[in-house]
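In what follows, chains are A, B, ... by sequence order, proteins preceding strands, each numbered from 1.
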Amino acid sequence: MSHHYLNELNPVQREAAMFTEGPVMIIAGAGSGKTRVLTYRIAHLMEKGVDPFNILALTFTNKAAREMKARIGKLVGETSAKALWMGTFHSIFAKILRFEADKLGYPKNFTIYDTDDSKGAIKEILKGFNLDDKVYKPSLVLNRISSAKNNLISPRQYLNNPVALEEDRSSQKPMMGQIFEAYNKRLFKAGAMDFDDLLFNTNVLLRDYPDVLLKYQDKFRYIVVDEYQDTNFSQYVIVKQLAARFLNLCVVGDDAQSIYAFRGASIQNILNFEKDYPDYKEFKLEQNYRSTQTIVNLANKVISHNKDQFKKNVWTQNDEGDRVKVLRAATDNEEGMKVAASIFETKMNRQAFNKAFAILYRTNAQSRSMEEALRKHNIPYRIYGGLSFYQRKEIKDVLAYFRLSTNNHDDESLKRIVNYPARGLGQTTIDKVIVAAADNDVSLWTVLDNLKDFNLGLNAGTVAKIGEFVTMIKSFSHMLPYKDAFETGNHIAITSGILKDLYSDKTPEGVSRYENIQELLSGIKDFVESTRTPIEQELKEDINDSITIDPEDLFATEPENSLRTLDEFMQDVSLLTDVDKQDDEERDADKVSLMTIHAAKGLEFPYVYVVGLEENLFPSQMSLNSRADLEEERRLFYVALTRAEKIVTLTYASTRYRFGNLIYCEPSRFINELDKTYVDFPEELSGTSFGDDVFDKFHDEFSSPAKKINFGSGSGTGFKKTASNPASNSNIASSLKKNLTPVKKQVTPSAPVDTEMVKNLKEGDIVEHEKFGKGKVIFIEGSFPNLKATVHFGSTGEKQLLLKYARLKMVS
DNA sequence: AGCCCCGGTGAAGTC
DNA sequence: CACCGGGGCT
């Protein structure tokens, strides 16, 4: 076969694709044709005669893997492309763990816990330890556990780690280590792994079983890792181990696009590469094929504000293109209207499709005003992310049945559905079971299935109901290997009573829930009709071999290997990324895309709107504590800009509803940082009163940690006060505000505030607050209507109150 | 056991 | 504002 496809690459790209032996690092700027290089590199390997079974490619989403496989299939043939080991870290190593689960003491059909499951387990542990879940917030605890695992710290190591213990002590959570330990034990007992366990346990496997390590080293002779800048330590070690034998490791990344440090990703991995493989070969893809010169140059300028970065020179031969526009709006709703109007106009002027447009925002909550405006303009749109299909309650209920049938010891699923639909097994009963299970160190299922051994003091009726439940689940489990996923799934949906329960609910929500279940089932039907990849086939046979047939069971037959069963389906579902969950039909539809910037990673659109460019929103308020966090926000902004091919429009609003309050917003520092050579600002902003000096002062104010606005109460409520307090930014804010349209729509508290009283309030007055009771006014600052008072309440201490919200009553 | 109402609280990003 | 959990009532 000819090498014609390699001619579609520029010289650096081609070199990077053809340099197949030894360690390689490809630094790939945004839009530099990275995917193309990876595709051709893998195709090239296969054409050289490398068996696809010996190639491992780790991607960021399963969708990316699927698309790359399809492209490789076109180059070298579909059958061999299907044999490639390609997917996310989590899905690839989940598969390997299923092969090797018994070595670690897990069942092959182990369950994968999602975040909710994990939180559920943590809540129960807190109860057992008699700890307050307001102090030990499950999400915080889980974060802590997660970051420990991602740094390969086991509970035992954690409990011996003076630094960790000290941190926990000083944050008033001394039991964190014990919780971690109990949590791991609990998941193990339930035959479950959380997402981090998939990587952690892979590391354990490779560390403790040299023969297994050797097997996979030998198997994966060529390894490619995409988005290397977003890998964490645990992933780094896995890759390092696997590649140690043949050293044919190719990592691809862009430090400027590293946006997942918050969940443990480390640019350090890129830096380590040099240390680990001193003989590595580096390629830099610097030519951008995606965007106009204006966009490329502007984005370069933006990222140059970061200290931590590699030298890189991204350039393009594309046209100069349109200047970047900045739009200002008075409110978030107006921001939406301006964006929608601009999309409408561009569509007309350029004859563009809806799907050529994307609206990118920092947080999902911002989608609302955009949606509203798009609806008013009759512009079809679709939202990515947010509550996904699989997170809906009714879907989770059905999946819990599926999971429990696959793995009876899955405690979280059992808790979820043991009394749904209602079957008379209430909290009291369940609590008894939970206690018995904890006391005896077994799963909930073990207790239910062996009730008489545990002496729970249940009445005969309850015992009978539990018996029925156990029998039902067992019948589902029994069915699993012999029927296809659709048959089993459908049977469970009906027999469990869920369908009936939802069918009887004729409210619109009930109807929609019912339809969602049907949609899930039809998805399963599609799955049943799909074919396995060779790897899945191998795994299936392996698992079926491990099923023992009960000799007493006259009707039992060998499980069919050709059958696509429900447990197989479930293996896929828990590993889907949000992007993966979009269904294809919808994806191709001619609609404007709305998504967070994180979700937009790797995508491109002709016309991109980045909205909500305001301090405390983008950059996020949570990033203002450290330079590193702020730089990550800036990289995020860089990612947003570089999604665009033709036109970038940036918007911000002067006021916005947040937490139900109207708050004033200052333009983001990122707006200030824009190089004016490439940008058209709104007229009001180009005047002298909004010159650089004001911006610089503004910038200094925010970037100085010492001045980080802190109202003293310090109990985590700082955000609300800061954000909703227009007076907090002193003279700078007021000089900015001169240029903002006055906001007519003032806050409308549920009960009107006594304006006269607010105006006349003075220091020394005694006032009464609904919640805090009586207090004395110590200090008043700001000007009407944004007066802020410091009030000393006897029991609560000092509080800073915004008088237009606080509804104080005058006492003296 | 289940429903409803209240109040408290919280919204970054993800496999 | 929206969601959740707790408490109280039926």
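Listed nucleotides: B:dG13, B:dA12, B:dC15. Nearest to the side chain of A:Thr596: B:dG13. Proximity note for A:Phe262 (side chain, C-beta onward) versus B:dA11, B:dC15, B:dG13: the nearest is B:dG13. Taking every side-chain heavy atom of A:Thr88 into account, B:dC15 is the closest of B:dA11, B:dG13, B:dC15. Nearest nucleotide to the side chain of A:Ala422, out of B:dT14, B:dG13, B:dG2: B:dG2. Of the candidates B:dT14, B:dA12, B:dG10, the closest approach to any side-chain atom of A:Lys137 belongs to B:dG10.
Taking atom NZ of A:Lys149 as the reference point, atom C1' of B:dT14 lies 16 Å away to the nearest angstrom. Atom CD1 in A:Ile430 sits about 11 Å away from atom P in B:dG2, given to the nearest Å. Atoms NZ (A:Lys601) and P (B:dG13) sit 15 Å apart, rounded to a whole Å. Rounded to whole angstrom, the span from the CG atom of A:Leu630 across to the P atom of B:dA12 amounts to 17 Å. A:Asp116 has its CG atom 15 Å from the P atom of C:dC3, to the nearest Å. Taking atom CG of A:Leu142 as the reference point, atom P of B:dC15 lies 15 Å away to the nearest angstrom. The nearest whole Å value for the distance from the CG atom in A:Asn364 to the P atom in B:dA11 is 13 Å. A:Asp572 places its CG atom 15 Å from the P atom of B:dC15, with the value rounded to the nearest Å.
Within 4.0 Å of A:Asn419, counting heavy atoms only, lie sugar-phosphate atoms of the nucleic acid but no base atom. Counting non-hydrogen atoms under 4.0 angstrom, A:Gln235 reaches nothing in the nucleic acid. Among the heavy atoms of the strands, none lies under 4.0 Å from A:Ser91. Backbone-only engagement by A:Leu425 is indicated by non-hydrogen atom pairs under 4.0 Å involving sugar-phosphate atoms exclusively. Residue-level contact check: A:Gln366 touches neither bases nor backbone, having no heavy atom under 4.0 Å from any strand. Across all strands, A:Lys123 comes closer than 4.0 Å only to sugar-phosphate atoms, never to a base (heavy-atom distances).
The list of ring pair (Phe, Tyr, Trp, His ring centres under 6.0 Å) pairs with a residue in residues 616-638 of chain A, not counting sequence neighbours, reads A:Phe618-A:Phe637, A:Phe618-A:Phe670, A:Phe637-A:Phe670.
Using bins of under 30°, 30° to 60° and over 60° for the plane-to-plane angle, the ring pair A:Tyr106/A:Phe110 lands in the perpendicular bin. A:Phe527 and A:Phe569 have perpendicular rings, their planes meeting at more than 60° on a 0 to 90° scale where under 30° would count as parallel.
Between A:Ile259 and A:Thr428, the one whose closest nucleotide on DNA chain B sits nearer the 5' end is A:Thr428. Summary of the strand contacts: A:His90 and A:Met622 both lie near DNA chain B, and taking for each the nucleotide with the nearest heavy atom, the more 5' one is attributed to A:Met622.
No side-chain donor-acceptor contact under 3.5 Å links A:Asn201 to the backbone of A:Val204.
Remark: A:Lys393 is positioned above the aromatic ring of A:Tyr420, its terminal NZ or CZ atom under 6.0 angstrom from the ring centre and at most 45 degrees off the axis.
Between C:dC4 and B:dG13, the two P atoms lie 16 Å apart (nearest whole Å).
The aromatic ring of A:Tyr260 does not stack onto the base of B:dG13, failing the criterion of a centre distance under 5.5 Å from the six-membered base ring together with planes under 30° apart.
Considering only residues two or more places apart in sequence or on other chains, A:Ser413 meets the side chain to side chain contact (heavy atoms under 4.5 Å, CB included) condition with A:Ala400, A:Arg403, A:Leu404, A:Asp410.
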